[in-house]
Amino acid sequence: MSEYTSLEKIRLQKIEELRAEGIEPYPTRAERTHTSAEAIAAFEAAGDGVEVKATLAGRIRATRAMGKLSFAHIEDGAGKVQLFFRINELTQPRVDFFNKMFDIGDFIQASGVMFRTKTGEATLHVHDFKLLAKSVSPLPADKDVTQEDGTVVRFAALEDPELRARQRYADLAVNPEVRETFRKRAALIKTLRTFLDNHGFLEVETPILQPLYGGAAARPFETHHNELDQDMYLRISFELYLKRLLVGNLERVYEIGRDFRNEGVSYKHNPEFTQLEFYWAYADYLQVMELTEQMVSYAAEKVSGSTKVKYSEHEIDFTPPWKRLEMRAGIKETSGIDIAEHPTAESLLKAILAKGRTPDPKSTRGKLIDFLLSEYLEPTLIQPTFLYNYPRDISPLAKSMPGDPLTVERFEGYVAGFELCNAFTELNDPLDQEQRFLEMGRDYEAGDEEKHPMDEDYLRAMRYGMPPNGGFGMGVDRLAMLLTNKHSIREVLLFPALRKEEFGE
RNA sequence: GGGCGCGUAGCUCAAUGGCAGAGCAGUGGCCUUUUAAGCCAUUGGUUGAGAGUUCGAAUCUCUCCGCGCUCACCA
């Protein structure tokens with residue numbers, strides 16, 4: 001345990017004094033009749049001369065002592081309300097007791113009658129009060145005031161992004177808009193569930209701890225089961241397990257849960273993130289496209305109140321239909337390179353080098369196309385756009401287009417210049433799938449660390465027969481960013497991954 | 001992992017080679033309708049850690065730690 005600061009020592013001293021006076025600083029039970037918002041609403045609704053009694057409970061956020069009277073603001077889950085202490089009802093020693101022993105950050109219970117102050121604020125006139133929990137460490141100091149025009153001005157807010165993420169509890173305690181962000185996030189996830197439930201999808205849970213990983217090109221976290229003496233992996237996607245369920249005649253399934261990828265961290269990547277995947281029997285990627293724009297616009301409407309949301313300097317319009325752009329055309333338009341004219345990696349690499357760009361020279365053709373996509377096309381895709389038809393060699397689980405074996409029926413949804421979702425007409429041919437795994441295995445030999453291992457059980461499932469189907473995956477955190485106007489994934493994760501903190505011994 | 005930047009009181013920030021400061025928070029006092037309450041007084045620092053240069057380092061150099069931005073990576 002680290003040393004207490006001088007401010008903390010003063011508060012610890014107060015705790016001792018309270019106990020010496022027979023006052024428990026952490027009493028077991030609390031009472032309240034109204035939340036702050038309920039008390040104010042009841043007061044506003046009551047007619048003149050009607051007394052509104054209330055017992056409130058919350059955390060002290062500001063105090064203003066004036067000798068024979070004191071004001072304080074407390075905050076609870078519903079908002080803030082002002083308390084008014086006066087010697088007439090409480091006696092001077094009780095007012096002094098409040099001023100001396102209560103600090104910002106303490107939890108208090110106060111009973112009294114609602115009234116309006118000279119400045120018009122609905123306030124609890126306190127007749128009795130009680131400490132509910134003493135705060136030892138001062139919250140990161142923060143004061144704000146709502147001005148007459150309704151704007152909130154914040155003074156000395158807690159802003160350090162590291163501290164805010166590491167001590168999210170303090171961030172939440174002092175920054176109400178952070179609480180609002182996470183309420184919106186919860187609403188988003190609930191909305192996605194409702195939408196899929198209403199469309200006949202069954203929510204399922206598949207293993208997070210897996211003997212073999214797959215379904216995406218990513219490096220996994222590895223762990224070990226002691227009793228089984230077996231290496232295990234944290235899943236990098238849900239895909240292969242959800243598609244096993246289609247074999248089992250569950251026609252529409254979805255899962256919302258955590259994926260883990262042992263890779264870099266950035267404003268749009270966290271090592272664990274929330275993924276939504278669904279698989280839809282007898283549908284293809286075009287039907288999935290339509291369901292996607294419906295689902296996302298529905299979520300935007302429910303969470304933000306409109307299918308148009310402000311993001312940075314843009315207004316993103318999720319109203320269907322979204323723009324559809326064939327990937328080849330989009331790349332040609334933005335980079336000037338027509339990938340169809342370059343059927344080999346060598347030829348395409350030459351064309352890119354001629355532009356003065358330098359991709360990894362060992363890249364496959366698919367990787368080069370992806371390079372063009374992210375370098376030229378992706379930043380231009382601000383409004384929701386479906387890019388469709390992808391090269392086969394970077395899509396080992398997607399079905400080829402009839403008559404064009406090198407292209408697969410796949411789309412990705414882009415918004416605000418980043419990838420939001422990824423979907424395809426799923427490969428359901430077990431022999432083709434085995435071939436793709438083998439190709440991936442060869443790439444793996446060549447040193448790529450992100451290739452699919454052969455999943456024999458998945459192939460066994462496929463051999464029983466899998467209905468044709470469309471599959472879909474979406475980064476829920478990224479959608480949460482879009483709907484809350486946040487520009488880092490850390491802002492929509494309560495506890496984002498951070499380097500381990502060193503505490504003194 | 002590479003590049004750039006940042007780290008000063010509990011919080012937000014000054015001080016660019018010459019006495020480490022302000023506002024808020026805290027502590028003591030005055031104050032019966034305040035709301036960033038006000039007024040008077042006052043506490044609080046190993047300037048992220050360590051080493052070096054210098055008469056003198058928050059400031060310059062090096063190493064380390066942490067964070068941010070960015071590149072790579074992330075089909």
Say you pick atom P in B:rG7 and the same atom in B:rG48; how far apart are they, in whole Å?
8 Å
Step by step, work out the side-chain contact (heavy atoms from CB on, under 4.5 Å) result for A:L372 and A:L377.
CA-CA 7 Å; A:L372 288 171; A:L377 185 50; over 6 Å; no
Using the C1' atom as the reference point in each nucleotide, state the distance between B:rG66 and B:rA49 in Å, no decimals.
11 Å
Quick one: which of B:rA72, B:rU70, B:rU34 gets closest to the side chain of A:E375?
B:rA72
On a whole-Å scale, what distance lies between the C1' atoms belonging to B:rG28 and B:rU33?
25 Å
Strictly by Watson-Crick or wobble contacts shorter than 3.5 Å, is anything paired with B:rA9, and which nucleotide is it?
none
Base B:rU34 to side chain A:E121, donor-acceptor N/O within 3.5 Å cut-off
no
Should A:R64 be listed as having a side-chain N or O under 4.0 Å from OP1 or OP2 of B:rA37?
yes
Options B:rU27, B:rC67, B:rU34, nucleotide nearest the side-chain atoms of A:R166
B:rC67
Watson-Crick or G-U wobble partner of B:rU46, both distances under 3.5 Å
none
Distance, P atom - from B:rC73 to B:rC65, rounded to whole angstrom
25 Å
Minimum-distance nucleotide (side-chain atoms of A:F84 versus B:rU33, B:rU32, B:rG26):
B:rU33
I want to check something: taking the side chain as every heavy atom from C-beta on, are A:P271 and A:N262 in contact at a cut-off of under 4.5 Å?
no
For B:rC24 versus B:rC19, give the span between their P atoms, rounded off to a whole number of Å.
25 Å
So which heavy atom on A:M327 is nearest to which on A:N389, and how close?
CB-O, 3.6 Å
Could you check whether A:K399 pairs with A:D429 (Lys NZ or Arg NE/NH1/NH2 to Asp/Glu carboxylate O, under 4.0 Å)?
no
Would you please indicate yes or no on a ring centroid separation below 6.0 angstrom for A:F115 and A:F43?
no
Under 6.0 Å from the ring centre and within 45 degrees of the ring axis: does the NZ or CZ of A:R261 meet both conditions for the six-membered ring of A:Y213?
no
So what does A:A165 touch, heavy atoms closer than 4.0 Å: a base, only the sugar-phosphate, or nothing?
nothing
Looking only at heavy atoms, which two atoms of A:F386 and A:W322 are closest? And how far apart?
CZ-CE3, 3.4 Å
Taking the C1' atom of each, how far is B:rC69 from B:rA58, in whole Å?
24 Å
Atom pairs, protein N/O to nucleotides 41-47 of chain B N/O, distance under 3.5 Å:
none

Nearest to the side chain of A:K14, heavy atoms from C-beta on, is which of B:rU70, B:rU27, B:rC31?
B:rU27
For atom CD of A:Q92 and atom P of B:rG29, their distance in whole Å
12 Å
Taking B:rA41 as the reference, what is the distance to B:rA36 when you measure between their P atoms (whole Å, please)?
23 Å
Which part of the nucleic acid, if any, lies within contact of A:R410, taking any heavy atom under 4.0 Å across all strands shown: a base, the sugar-phosphate backbone alone, or nothing?
base
B:rU47 and B:rC60, which share atom name C1', separated by this distance in whole Å:
15 Å
Heavy-atom pair of closest approach, residues A:Y4 and A:K9
O-CE, 3.5 Å
Looking at B:rA20, which nucleotide sits across from it as a Watson-Crick or G-U wobble partner, both distances under 3.5 angstrom, or is there none?
none
Measuring to OP1 and OP2 of B:rC69, would you say a side-chain N or O of A:K268 lies under 4.0 angstrom away?
no
Heavy atoms only, 4.0 Å cut-off, all strands: where does A:I87 land among base, sugar-phosphate and nothing?
base
